Amino acid sequence: MEKDKFKEQFSGSLSFAFQKVYPEKYAELGRQQVFSADFIYENLEKPRDPAHGRFAFPVFRYGKLLGDKPTDVALKVAREAAAHARSSGPHPDVLTDCIAAGGFINARTNFEMEAGETLDAVLTGRSTYGSSQEGKGRTVLVEYSSPNIAKPFGVGHLRTTILGNSLRRIFRKLGYESVGINYLGDWGTQFGKMIVAWQKWGRGKSGAGETVSDLVELYVKYHQEAEEDPSLDERARQAFKGLEDADPEITDLWETFRDISLAEFKRVYDFMGVEFDWITGEAFLNDKMEAVIERLEKAGLTSLSEGALIVDLKDPQLPPCLLRKADGATLYATRDITGLLYRWDRYHFHEALYVVASAQSDHFKQVFKVVQLLEESEQVPAEERVAERARHIDFGWVKFGEKTMSTRRGNVVLLDDVINQAVELARDKIREKNPDLKSIDETARIIGVGAVLFSQLSVRRQKDVNFVWDEVLNFEGETGPYLQYTHARLCSLLRNYPEKVTPKVEVSKLDREEERRVIELLADFPEAVRDGARNYEPNHIATHLLRLAGAFNKVYQRKDEQGRIDKIISQDGALSAARMALVRSVQIVIGEGLDLLGLKAPQEM
RNA sequence: GCCCCCGUAGCUCAGUAGGAUAGAGCAUCGGUUUCCUAAACCGCAGGUCGCAGGUUCGACUCCUGCCGGGGGUACCA
């Protein structure tokens, strides 16, 4: 990572000042690097309140060390640092201020320089602004969505789908090879039930024209009937056995279910703009588990308990991990262990992320622990260990009023319905606000989907969210459509501006509170992207975009003393050029940011 | 019982590798359109950051205990 020249200069000057003001202490502590430029660089902060400047270095903790009151340390050091910053260091012209404020030393950057460089970086970088090379040569796997075959795609799947889709994009932006994996729930005893239901009440054997809702209907009917007639469950067990034994007729049915579901999932993903690099499923691992079980046995990790094959995790917090039920059938942990090892062989990934609800956190702890024990036992070299590269990216529930959603009872909120409603509402709004818009259908889709996606991204992963129609369908305030609207308005300005936008503008024209704030937020965008990746939390980017959009809208609607709008495009050519460089930059960053979240940015709406 | 997550304004949430007077949106009330898209902007109001201790120069943030909500706790996924 290239050093920020403003921070570099500030930390260099501070280091120099500490040495000058406290020569003995500096010499004494120098060995521990406490006041080295590098140390200070790493410990600089950004004041939350922009009025305090761009960077800050708190000195409280050094008062005791230096035998001086923190406020005095700040005063003395700031004075020397200011003098040094003006005349020496690698970039003697980048700081304008170096002031003590209580126990902080605050630095203000040379605005014109920072503004000029930021605009230049955005305008020349465009879609690459905020990207980096940190992930070069590394692969990150992101497993997300992972719906169950033959079940409806409900809002319960919203978060994993949207979070994972965004994380895949964020890692890609940072130079990683990122592989989106859709690990379908295409195996398990519920297929026995489906098969029985299909054979008993299904319409035809071809599957032509059948939809997922037909399958769900059968599934619901099965559960109703099974209450009366317990023998159905036995037949279902038999049917699943047939599937496991690769009975051709039953396998054929299973493939039919899979095809029906996949076609429908694909339609939803395409509509939402969700992408995958590898669509796989549990069944894919069927023939791979045996070897893994043998490997675990060979490593001496397995034992029999109550007829089941288990791995004792030697951890009082975790129950043993079941590999095989007493009847010999494998379990999902077996499949996940196998899948993780398989993915390592195939990708040699830097990290493997599992975007799965927090209810499964014990499950992933178990899976990762088994792999860790295996690797320890086999003395796998540290750089080839998989366990520590695997991460469960957990998230809270999507709750729906008082009701818990249950496929069996058939009461789920379908993602389809949510999106359709959102798109319809968007269409109504367009007709009301911009009836002349040419691409109403496409724009309504972008906005409706945007509202739904953003509703999941504007909240921290781990919090439970309530699914409230009014909130998901809200297009005002901190929402996706708000960002999209701001983007559209920026595009409108660009259309209305006859000149070419270039970074070579008089940045001093942007030296007002509101513009400065916009520029700082533009400059901080790359950091927001990195934060998002580091915490596996797209929400950081969403929040940053809301701030940026808000800051820009303030500029856009600012009024002068007479109450007249201070227009972006005016008679003053130089001023307009400078403002339009800002406009174009904000448009690029909001557009890029929305792309990282998986939202489209409309030109008009 | 044990383990994990959450608890911030009336509501929904930011702020979490400790840092300066705790920020938004929604809702309420008031204002802004002869002016680049009012899906916007401005203003008023709204707080014992669940409670109690502890660590620290400094705690919404870290530690401990408690309260409240959610989840998990071997043959479902």
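Values in this document were obtained by computation on a predicted structure and should not be read as measured data. In the text below, chain A, chain B and the rest are named by the order of the sequence lines, each starting its count at 1.
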Between [N] atom [atom2] and [X] atom [atom1], what is the distance in whole Å?
{"X": "A:Ile568", "N": "B:C35", "atom1": "CD1", "atom2": "P", "answer": "17 Å"}
{"X": "A:Gln456", "N": "B:C13", "atom1": "CD", "atom2": "P", "answer": "11 Å"}
{"X": "A:Leu313", "N": "B:U73", "atom1": "CG", "atom2": "C1'", "answer": "13 Å"}
{"X": "A:Asp428", "N": "B:A39", "atom1": "CG", "atom2": "P", "answer": "15 Å"}
{"X": "A:Ile565", "N": "B:C41", "atom1": "CD1", "atom2": "C1'", "answer": "8 Å"}
{"X": "A:Asn539", "N": "B:U16", "atom1": "CG", "atom2": "C1'", "answer": "12 Å"}
{"X": "A:Gln317", "N": "B:U73", "atom1": "CD", "atom2": "P", "answer": "15 Å"}

Are side-chain N/O atoms of A:Asp233 and A:Tyr222 paired as donor and acceptor at under 3.5 Å? yes
For B:A22, does the base pair up with any side-chain atom of A:Asp49 as donor and acceptor (N or O, under 3.5 Å, distance only)? no
Side-chain-base donor-acceptor pair under 3.5 Å for A:Arg61 and B:G19: yes
Look at all strands and tell whether A:Glu604 reaches a base, only sugar-phosphate, or nothing, counting heavy atoms closer than 4.0 Å. base
Quick one, which residues of residues 62-73 of chain A touch RNA chain B with a heavy atom under 4.0 Å? A:Lys64
Heavy-atom contacts under 4.0 Å between residues 476-493 of chain A and RNA chain B, which residues? A:Glu476, A:Gly477, A:Glu478, A:Tyr482, A:Tyr485, A:Ala488, A:Arg489, A:Ser492, A:Leu493
Contact under 4.0 Å: [X] side-chain N or O vs [N] OP1/OP2:
{"X": "A:Asn496", "N": "B:U37", "result": "yes"}
{"X": "A:Asn434", "N": "B:U37", "result": "no"}
{"X": "A:Lys433", "N": "B:A38", "result": "no"}
{"X": "A:Arg460", "N": "B:A14", "result": "yes"}

Between B:C60, B:A14, B:A74, which nucleotide gets closest to the side-chain atoms of A:Lys463? B:A14
B:A74, B:A77, B:G15: which one has an atom nearest the side-chain heavy atoms of A:Gln360? B:A77
Got a sec, which residues hit salt bridge (charged side-chain N to carboxylate O under 4.0 Å, His left out) with [X], two or more places apart in sequence or on another chain?
{"X": "A:Arg54", "result": "A:Glu114, A:Asp524"}
{"X": "A:Lys433", "result": "none"}
{"X": "A:Arg48", "result": "none"}

From A:Leu473, A:Val452, A:Val423, A:Val449, residue fulfilling side-chain contact (heavy atoms from CB on, under 4.5 Å) relative to A:Val418: A:Val452
Name the residue closer to the 5' end of RNA chain B, choosing between A:His540 and A:Ile105 according to the nucleotide with the nearest heavy atom. A:His540
Measure up the A:Tyr219 and A:His223 rings against each other and bin them: parallel (under 30°), tilted (30 to 60°), perpendicular (over 60°). perpendicular
Aromatic contact, A:Phe395 with A:Trp397 (centres under 6.0 Å): no
Parsed dot-bracket for RNA chain B after applying the Watson-Crick and G-U rules with both distances under 3.5 Å and | for other-strand partners is (((((((..((((.....[...))))..((((.......))))......(((((..]....))))))))))))....
Between A:Glu234 and A:Arg237, does any NZ, NE, NH1 or NH2 come within less than 4.0 Å of an OD or OE carboxylate oxygen? yes
Answer yes when A:Lys554 and A:Glu514 have at least one side-chain N-carboxylate O distance shorter than 4.0 Å, and no when they do not. no
Quick check, does A:His363 stack with B:A77? I mean ring centres under 5.5 Å and planes off by under 30°. no
Using the six-membered ring for Trp and the full ring for Phe, Tyr or His, decide whether A:Phe60 stacks on the six-membered base ring of B:G58 (centres under 5.5 Å, planes under 30°). no
Verify, without hydrogens or angle tests, whether A:Arg461 (side chain) and A:Tyr536 (backbone) share a donor-acceptor contact under 3.5 angstrom. yes
Taking A:Asp560 for its side chain and A:Gly563 for its backbone only, find out whether a donor-acceptor pair lies under 3.5 Å. yes
